[in-house]
Amino acid sequence: MIDWGYLVGWVGLGFGVLVPYPQLYRIIKTKKSNDVSTLTYIFLCLAMTGYLIHAIYIQAPVFITAQSLNLTTNTIILMILIKRKLKYG
């Protein structure tokens, strides 16, 4: 029997992990990031870290996977933003 709630969670994960890629692609392609908020990405990464810790605590594989992937991608964006802010001001 299919557990629809579990399946919907994994489908949501599939869409959810795609969210940061357009921004990452645009930053890399255009080499411009001055209109992207560094503070937003700092708060986003902090929030995702909290969600990941909670997901590990409740042993929820779909949320552990989602937060791990999204935290990785958004941390890459944050590192690019910080590097460019330090380099260009």
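Atom set for the values below is all heavy atoms of this structure, side chains included, hydrogens, waters and symmetry mates excluded. Heads up: numbering here begins at 1 and tracks the sequence. Since we're looking at a predicted model, the values are computed, not measured.
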Do [X] and [Y] sit in the same hydrophobic cluster, where Ile, Leu, Val, Met, Phe, Trp and Tyr count as joined when their side-chain heavy atoms come under 4.5 Å apart?
X     : Y     : answer
Tyr6  : Val17 : yes
Leu46 : Leu81 : yes
Leu69 : Tyr51 : no
Ile28 : Ile82 : yes
Leu18 : Ile64 : no

From [X] atom [atom1] to [Y] atom [atom2], the distance as rounded to the nearest 0.5 Å:
X     : Y     : atom1 : atom2 : value
Thr72 : Gln67 : OG1   : CD    : 10.5 Å
Leu86 : Thr38 : CG    : OG1   : 9.0 Å
Leu52 : Cys45 : CG    : SG    : 11.5 Å
Leu71 : Ile76 : CG    : CD1   : 10.0 Å

Can you confirm whether [X] sits close enough to [Y] that some side-chain heavy atom of one is under 4.5 Å from a side-chain heavy atom of the other?
X     : Y     : value
Leu44 : Leu78 : no
Asn34 : Arg84 : no
Leu13 : Thr65 : yes
Ile80 : Leu24 : yes
Gln23 : Tyr41 : yes
Asn74 : Ile77 : yes

**Message:** Keeping Ser33 on the side-chain end and Val36 on the backbone end, is there a donor-acceptor pair under 3.5 Å?
**Reply:** no
**Prompt:** Should we say atom NZ of Lys83 is surrounded by more than 12 heavy atoms from elsewhere, each under 6.0 Å from it?
**Reply:** no
**Message:** Quick check: closest heavy atoms across Ala55 and Phe63, and the distance to 0.1 Å?
**Reply:** CB-CB, 3.7 Å
**Prompt:** If you take all heavy atoms of Tyr21 and Thr73, which pair is closest and at what distance?
**Reply:** OH-OG1, 3.4 Å
**Message:** Using side-chain contact (heavy atoms from CB on, under 4.5 Å), reason through Val19 and Asn70 one step at a time and then give a plain yes or no.
**Reply:** CA-CA 8 Å; Val19 170; Asn70 282 329; 5.5 Å; no
